[in-house]
Amino acid sequence: MEKSSKIYVAGHRGMVGSAIVRELQRQGYTNIITRTHKELDLTRQQDVEAFFAQERPEYVFLAAAKVGGIVANQSALADFMYENMILEMNVIHSAWQNGCRKLEFLGSSCIYPRMAPQPMPESCLLTSELEKTNEAYALAKISGLKYCEFLNRQYGTDYISVMPTNLYGPNDNYHPEHSHVLPALIRRFHEAKVAGKSEVTCWGDGSPLREFLYVDDLANLCVFLMNNYSGNETVNAGTGKELTIKALTELVAKVVGYEGAIKWDASRPNGTPRKLLDVSKAARLGWTYKTELEDGIRLAYEDFLNNPMRAER
């Protein structure tokens with residue numbers, strides 16, 4: 001990308017999209033296009049087609065998505081599948097129709113099979129069944145990355161995809177029911193500390209293993225890949241490190257300053273037992289993460305404290 005190239009970041013108000021905008025600006029890109037949901041509803045095909053015909057961006061980062069944790073995914077299966085599939089197809093198809101030079105599709109590590117080999121290589125996609133708790137979201141994301149691949153194969157486009165592990169950081173969603181595990185823990189322990197609660201109950205038994213990537217590190221990789229990678233296979237984005245949910249919970253409590261007891265409700269779902277990405281492909285391309293987990297949680301907690309309205313989303 002040239003510094004003056006016309007770059008559209010879809011989903012710029014979300015955690016990932018806003019991080020990509022920050023990274024582009026940090027690297028000196030000056031022609032960044034954005035639209036709020038109110039200005040452009042990506043699920044409306046006619047509106048998306050009109051936007052691309054008018055603006056004709058040269059590069060597109062597709063970071064817009066309907067996202068949520070286990071509760072949100074289980075309670076709105078149809079919504080997660082429909083909205084994600086419609087918006088990504090609209091954007092990718094309109095980009096192709098209007099001569100977009102390169103598009104990068106942002107997916108999720110939940111696309112990989114529930115019992116995938118660990119760590120999960122990009123090649124294990126579609127080799128066995130998905131985790132049921134987020135199957136609808138995963139199917140939508142698989143459709144998006146496959147559509148990019150099929151456009152490449154049929155029409156010679158240069159559309160790529162990146163599959164991040166669990167993300168966290170500035171502009172995260174801290175909703176008490178619809179957020180992912182790390183921001184949910186930040187909010188829960190903060191509120192428990194403020195209220196002086198003697199104990200906090202967390203879901204599951206704490207045994208699942210998870211990997212976490214600071215969102216600004218992901219954004220750095222996204223720009224790096226746009227400039228340095230072409231290919232039909234996706235690229236995993238992670239740290240290559242994992243810890244149990246129990247260890248994560250204790251680390252968040254430490255950062256937040258909560259000193260009470262931590263209890264576990266084993267009647268609640270754990271989700272996938274283990275989700276560690278094989279990040280050797282990104283490493284071979286010349287990229288690695290920068291932010292260690294405890295440092296990243298501190299930055300995320302500072303963002304939470306400085307933006308109280310985030311807790312209402």
Side-chain angles (χ1 to χ4, degrees), residues 1 5-44 47-48 51-52 55 57-69 72 80 83-92 94-95 100 102-110 137 140-141 144-145 148 159-175 178-180 182-183 212-227 234-235 237 291 296 299-300 303-304 307 309-310 313:
M1 296 183 293
S5 295
K6 200 172 202 180
I7 304 167
Y8 171 47
V9 180
H12 76 286
R13 282 190 165 176
M15 178 173 62
V16 173
S18 60
I20 291 173
V21 170
R22 285 196 301 275
E23 182 65 19
L24 288 168
Q25 291 172 336
R26 187 186 72 81
Q27 293 194 27
Y29 292 94
T30 58
N31 194 4
I32 304 167
I33 308 166
T34 59
R35 291 291 187 278
T36 64
H37 177 74
K38 188 174 181 180
E39 292 168 332
L40 177 62
D41 183 346
L42 296 177
T43 66
R44 299 179 65 87
D47 294 352
V48 176
F51 164 76
F52 271 88
E55 293 291 345
E58 298 171 79
Y59 298 91
V60 173
F61 290 89
L62 179 41
K66 179 180 178 66
V67 298
F80 270 82
E83 291 186 34
N84 282 296
M85 195 170 289
I86 289 294
L87 77 83
E88 66 198 26
M89 291 296 167
N90 285 344
V91 171
I92 298 167
S94 293
C100 173
K102 192 164 187 174
L103 178 144
E104 183 174 298
F105 175 71
L106 275 291
S108 164
S109 59
C110 74
Y137 183 70
K141 287 296 183 180
L145 73 90
C148 288
Y159 291 0
I160 62 174
S161 60
V162 56
M163 295 301 124
T165 188
N166 300 289
L167 300 170
Y168 70 100
N171 206 22
D172 208 339
N173 174 11
Y174 297 93
H175 190 281
H178 301 151
S179 59
H180 290 103
L182 201 157
F212 295 91
L213 179 66
Y214 189 61
V215 72
D216 286 60
D217 287 352
L218 170 66
N220 179 260
L221 173 61
C222 287
V223 176
F224 174 84
L225 291 175
M226 190 69 99
N227 285 320
T234 189
V235 178
T291 310
L299 292 168
D303 178 70
F304 174 83
N307 297 276
M309 290 301 293
R310 298 249 166 92
R313 297 192 325 204

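These numbers come from the heavy atoms of this one structure, side chains and all, not from hydrogens, waters or symmetry mates.
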Colleague: Which atoms form the tightest heavy-atom contact between M163 and S161, and what is the distance?
Modeller: CE-CB, 3.9 Å

Colleague: Taking all heavy atoms of E88 and all of G144, pick out the closest pair and write down the distance.
Modeller: OE2-N, 3.1 Å

Colleague: Okay, side chain of S94, backbone of N90: is any donor-acceptor separation there less than 3.5 Å?
Modeller: yes

Colleague: Can you give me the closest heavy-atom contact between A64 and L42, atom names plus distance?
Modeller: CB-CD1, 3.6 Å

Colleague: Tell me whether the centres of the aromatic rings in F61 and F105 are closer together than 6.0 Å.
Modeller: no

Colleague: Thinking salt bridges, do E55 and R35 make one under a 4.0 Å N-O criterion?
Modeller: yes

Colleague: Which pair of non-hydrogen atoms, one from M15 and one from N171, has the smallest distance, and what is that distance?
Modeller: CB-O, 3.5 Å

Colleague: Under 6.0 Å between ring centres: does that hold for Y8 and Y59?
Modeller: no

Colleague: Give the minimum heavy-atom separation between D303 and G169, together with the two atoms involved.
Modeller: OD2-O, 4.3 Å

Colleague: Ignoring hydrogens and angles, tell me if any N or O in the side chain of E39 forms a donor-acceptor pair with the backbone of T36 under 3.5 Å.
Modeller: yes

Colleague: Does E58 reach the main-chain N or O of K6 with its side chain, forming a donor-acceptor pair under 3.5 Å?
Modeller: yes

Colleague: Compare every heavy atom of Y137 with every heavy atom of C110, then report the nearest pair and how far apart it is.
Modeller: SG-CD2, 3.5 Å

Colleague: Decide yes or no for I160 and K102: does some side-chain heavy atom of the first lie under 4.5 Å from some side-chain heavy atom of the second?
Modeller: yes

Colleague: After noting the C-alpha distance and the side-chain angles of I7 and Y29, does the key distance pass the side chain to side chain contact (heavy atoms under 4.5 Å, CB included) rule?
Modeller: CA-CA 9 Å; I7 304 167; Y29 292 94; 3.7 Å; yes

